[in-house]
Enquirer: 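Handing you a structure now.
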Protein chains: 2
Amino acid sequence: MSLVLVVDDEPQIRRALRTSLEAHGYQVSTVGTGEEGVVGAAEQDPDLLLLDLGLPDIDGTEVIRRVRAFSDVPVIVLSVREGQTDKVAALDAGADDYVTKPFGMEELLARARAAMRRKQPEEPTLPVQRFGELEVDLARRLVTRDGEQIHLTPTEYGLLEALVTNPGKLLTHQWLLRKVWGQGYGTETTYLRTYVRALRKKLGDDAQAPALIVTEPGVGYRWVAEAN
Amino acid sequence: MSLVLVVDDEPQIRRALRTSLEAHGYQVSTVGTGEEGVVGAAEQDPDLLLLDLGLPDIDGTEVIRRVRAFSDVPVIVLSVREGQTDKVAALDAGADDYVTKPFGMEELLARARAAMRRKQPEEPTLPVQRFGELEVDLARRLVTRDGEQIHLTPTEYGLLEALVTNPGKLLTHQWLLRKVWGQGYGTETTYLRTYVRALRKKLGDDAQAPALIVTEPGVGYRWVAEAN
DNA sequence: GCGCGGCGTGAAGATCGCGTGAAAGCCCTG
DNA sequence: CAGGGCTTTCACGCGATCTTCACGCCGCGC
C-alpha cells in the first residue's frame, strides 16, 4: 500500500484529503506545518507528498527544496494561487505537479497515480535465485537446471515458490496446503507427498539425502538450499 | 540540447509553441497528426512530447498508449477540454501532465522542465523489433514477415504488442485479458485461445513446437522469441 | 520384537485446459 | 440492405494435470 503525506494547515482540507485518499486504498499521514512536512518526508519515507503552498511557517517552495535535498519523492503542490510565477517557482524548486484549488478529486487522484507511476523502478527486480546448478527466476516464472529449462505444472511451481520464498523456514503441511491449494485445504498431506516427490524428481533432489527439500516428519517441509 | 516534439493540428499553435520553445533553447520538431506523432516519437526520440488532444485522426489518449508501447518519453497534454474525465483518461493512459488551454507560456515551460528533470536513464523498448524474419514496428503498428506485410486485426495486434513488450515474461490469462480487452475482463480464456491461434497462424508459429508464443498450461502465455 | 503412523513410491482414473474447427452475432461500409 | 471483416461463442478430441489409492519401508514407542 502506498503512503501519502499531506501537508496542509487547514484541518478540514486535511480531513477531506484523508477521507478521499483512504477511500482509494492509500495510507495517509497528515501534518500541519512545513517544518513537520520536511521531517515527516524524511522519517516516514512516503510514496507521495501533497503540499499546500500557504503554510504558516515556511514558504512552500522552501519546503520542496529542503525535501529535495534528501528525497526524490513525488511532490504535488496544492494551491489557491493562480499566478504563473508561483507555479513556475514551485515546479522549478522540484515539485512534480501543481494543482490549483478548487480541484476535482478524480483529477488529483489521477495526477497522484501519474506521479507515483514515474518514480517506480518498475518491478523491484527480484533477483534470479541460484542454488548450485538450479536457477529460479520468480519474475519470469522460469526454472532452469544446468542451463536446461525445467517445465513445472502450476501446482508444482506454486509449491516451489512457497518453498523458495521462505528459505530455511519450516513450513507446516497446513500452511503449504493453504498457500498452494487455497484456503479450503489443510489436511490433504497426500497432495504434498505427491508434489514434493514430483518437484524433487524434476529438480534432481533425492528424498533420502535431500539437498533442496528436507522432510520434517509429522510437521512439514523445509527449503534448505543455500542461495549463491 | 533537448528536442521537443509538438503534435498539434493547428498551424498557428505549432508556430507559437515553436517560437517560444526555440527562444528558450529547445530544438523543436512539429507534426500535425497523431499518426505522425507516434512515428516521430519513435524516429526522433525526443526528450519531451507536447500533445494536443483534439487531433483529427487518432484519439489523443490512444496516441499516448501507442507511444508508451515503446517509449518512456515525458508527455504533456495540451487541451481545451476542462473536463476531469479527459484529464483522468489522459493521465492514466500514461501522460505526465495535463495543461488546459489557454495556458501561460512560463507555466508550460516550467512544467516541461519538471517533466524532463524526472527523466531517468531507462532502457526503452526499441520501436522496431526483429525476430528472425519477423519484424514488429511498434510505432507504425506494422508487422512483416519475410518482407511481406501481415495484416492483423486490432485485437490481434493488441495481443502481439502485449507479448512483444514483455519478452520472456509469463503473462497470465487475467493480465493479458485486462491489458488487451480492458478492465472488465479476466476470465474469458477462450478469447485468448482464439486469438493466440490466429496470431500463431499469421506469424507462422506452431502450437506444438512454438518458436514465438509458448503456452504455459493453466497459467498464461509467454513470448520467447529472441530479438535480433 | 512388534505394531503403527508417516513417508516415499508407483500407478490409475477423473478432470481440466488447450488446440482446433466452425458458426453465430455485430458493426461498419458500400 | 447486402456484404465483409471482426469479435464472440460453442463443441469436440486429446493430452497434461490433478486427485486418489495401494503398497512397502522406516523409525519410534510399547
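A note on names: the letters A, B, ... follow the listed sequences, proteins ahead of strands, and every chain is numbered from 1. Only this structure's heavy atoms are used, side chains among them; waters, hydrogens and symmetry mates stay out.
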Enquirer: Can you see if the side chain of Y191(B) gets near the phosphate of dT9(D) - specifically, an N or O under 4.0 Å from OP1 or OP2?
Expert: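 True: Y191(B) side-chain N/O within range (under 4.0 Å) of dT9(D) OP1/OP2.
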
Enquirer: Under a 4.0 Å N-O cut-off, is there an ion pair linking R66(B) with E62(B)?
Expert: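 Judged by the 4.0 Å cut-off on N to carboxylate O distance, R66(B) and E62(B) do form a salt bridge.
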
Enquirer: Under 3.5 Å, is there a donor-acceptor pair linking the side chains of Q44(B) and S29(B)?
Expert: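 Note: Q44(B) and S29(B) side chains meet the donor-acceptor criterion.
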
Enquirer: Write down the protein N/O and nucleotide N/O pairs, taken from nucleotides 11-16 of chain D, whose separation is under 3.5 Å; answer none if there are no such pairs.
Expert:
none

Enquirer: Can you tell me if T190(A) touches the phosphate of dT20(D), counting only side-chain N or O atoms and a distance under 4.0 Å to OP1 or OP2?
Expert: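 T190(A) to dT20(D) OP1/OP2: no side-chain N or O under 4.0 Å.
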
Enquirer: For T190(A), what residues pass the side chain to side chain contact (heavy atoms under 4.5 Å, CB included) criterion, not counting sequence neighbours?
Expert: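 Counting only residues at least two positions away or on another chain, T190(A) forms a side chain to side chain contact (heavy atoms under 4.5 Å, CB included) with R193(A).
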
Enquirer: Who are the side chain to side chain contact (heavy atoms under 4.5 Å, CB included) partners of D146(B), not counting sequence neighbours?
Expert: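 For D146(B) the side chain to side chain contact (heavy atoms under 4.5 Å, CB included) partners, ignoring immediate neighbours, are E133(B).
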
Enquirer: What's the closest nucleotide to the T194(A) side chain, out of dT20(D), dC6(D), dT8(D)?
Expert: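 The answer is dT20(D).
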
Enquirer: Taking atom P of dG5(D) as reference, at what distance in whole Å does atom CG of L152(B) sit?
Expert: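 Computing the L152(B):CG to dG5(D):P distance gives 15 Å.
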
Enquirer: Can you confirm whether D52(B) sits close enough to D9(B) that some side-chain heavy atom of one is under 4.5 Å from a side-chain heavy atom of the other?
Expert: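 They are in contact (side-chain heavy atoms under 4.5 Å apart), so the answer is yes.
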
Enquirer: CD of E156(B) versus P of dT8(D): gap in Å, rounded?
Expert: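 Whole-Å distance recorded here is 12 Å.
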
Enquirer: Which residue pairs satisfy the salt bridge (charged side-chain N to carboxylate O under 4.0 Å, His left out) criterion with at least one member in residues 178-187 of chain A, sequence neighbours excluded?
Expert: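 Matches after skipping sequence neighbours: none remain.
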
Enquirer: Please list all pairs passing the ring pair (Phe, Tyr, Trp, His ring centres under 6.0 Å) test where one or both residues lie in residues 188-211 of chain B, with sequence neighbours left out.
Expert: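 Every pair satisfying ring pair (Phe, Tyr, Trp, His ring centres under 6.0 Å) with a residue in residues 188-211 of chain B: W181(B)-Y191(B), W181(B)-Y195(B).
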
Enquirer: How far does the helix from dG1(C)-dC30(D) to dG30(C)-dC1(D) bend, going by the axes of its first and last five pairs, to the nearest 10°?
Expert: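 Terminal axis comparison yields 30°.
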
Enquirer: Tell me which one of L108(B), L51(B), L49(B) satisfies side chain to side chain contact (heavy atoms under 4.5 Å, CB included) with I76(B).
Expert: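 When side chain to side chain contact (heavy atoms under 4.5 Å, CB included) is applied between I76(B) and each of L108(B), L51(B), L49(B), only L108(B) qualifies.
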
Enquirer: List the residues meeting side chain to side chain contact (heavy atoms under 4.5 Å, CB included) with A114(B), not counting sequence neighbours, and say none if there are none.
Expert: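 Per chain and number, A114(B) pairs via side chain to side chain contact (heavy atoms under 4.5 Å, CB included) with L91(A), R117(B), R118(B).
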
Enquirer: Looking at D96(B) and R68(B), does any basic side-chain N land under 4.0 Å from a carboxylate oxygen?
Expert: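 Salt bridge: yes.
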
Enquirer: When you check the gap from the basic side-chain N to the acidic O, do D97(B) and R111(B) get nearer than 4.0 Å?
Expert: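 Salt bridge flag = yes for R111(B) with D97(B).
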
Enquirer: Taking DNA chain C as the partner, which of residues 195-216 of chain B come within under 4.0 angstrom of it by heavy atom?
Expert: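 Within residues 195-216 of chain B, the residues near DNA chain C are R197(B), R200(B), A207(B), Q208(B), T215(B).
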
Enquirer: Distance under 4.0 Å to a non-hydrogen atom of chain A counts as contact; along DNA chain C, which nucleotides mark the start and end?
Expert: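 So the contact region on DNA chain C extends dG6(C) to dG10(C).
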
Enquirer: Could you state the interatomic distance from CD (E156(A)) to CG (L160(A)), rounded to the nearest 0.5 Å?
Expert: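 E156(A) atom CD to L160(A) atom CG measures 9.5 Å (nearest 0.5 Å).
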
Enquirer: Any side-chain N or O of W181(B) less than 4.0 Å from the OP1 or OP2 oxygen of dT7(D)?
Expert: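 It does not, given that no N or O in the side chain of W181(B) lies less than 4.0 Å from OP1 or OP2 of dT7(D).
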
Enquirer: What residues form a side chain to side chain contact (heavy atoms under 4.5 Å, CB included) with R200(B), not counting sequence neighbours?
Expert: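 Side chain to side chain contact (heavy atoms under 4.5 Å, CB included) check on R200(B) returns V196(B), D205(B), A207(B), I213(B), T215(B), Y221(B).
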
Enquirer: Short question: side chain of Q84(A), backbone of E107(B) - any donor-acceptor pair under 3.5 Å?
Expert: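 Present.
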
Enquirer: Could I get the full list of side-chain hydrogen bond (donor to acceptor under 3.5 Å, both in side chains) partners for T100(B), not counting sequence neighbours?
Expert: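 Checked T100(B) against side-chain hydrogen bond (donor to acceptor under 3.5 Å, both in side chains); zero matches.
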
Enquirer: Is a salt bridge present between E135(A) and R140(A), judged by a nitrogen-to-oxygen distance below 4.0 Å?
Expert: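 Looking at E135(A) and R140(A), the cut-off is not met.
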
Enquirer: Is there a residue in residues 159-175 of chain A whose heavy atoms reach under 4.0 Å of DNA chain C, and which residues are they?
Expert: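 Only H173(A) qualify.
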
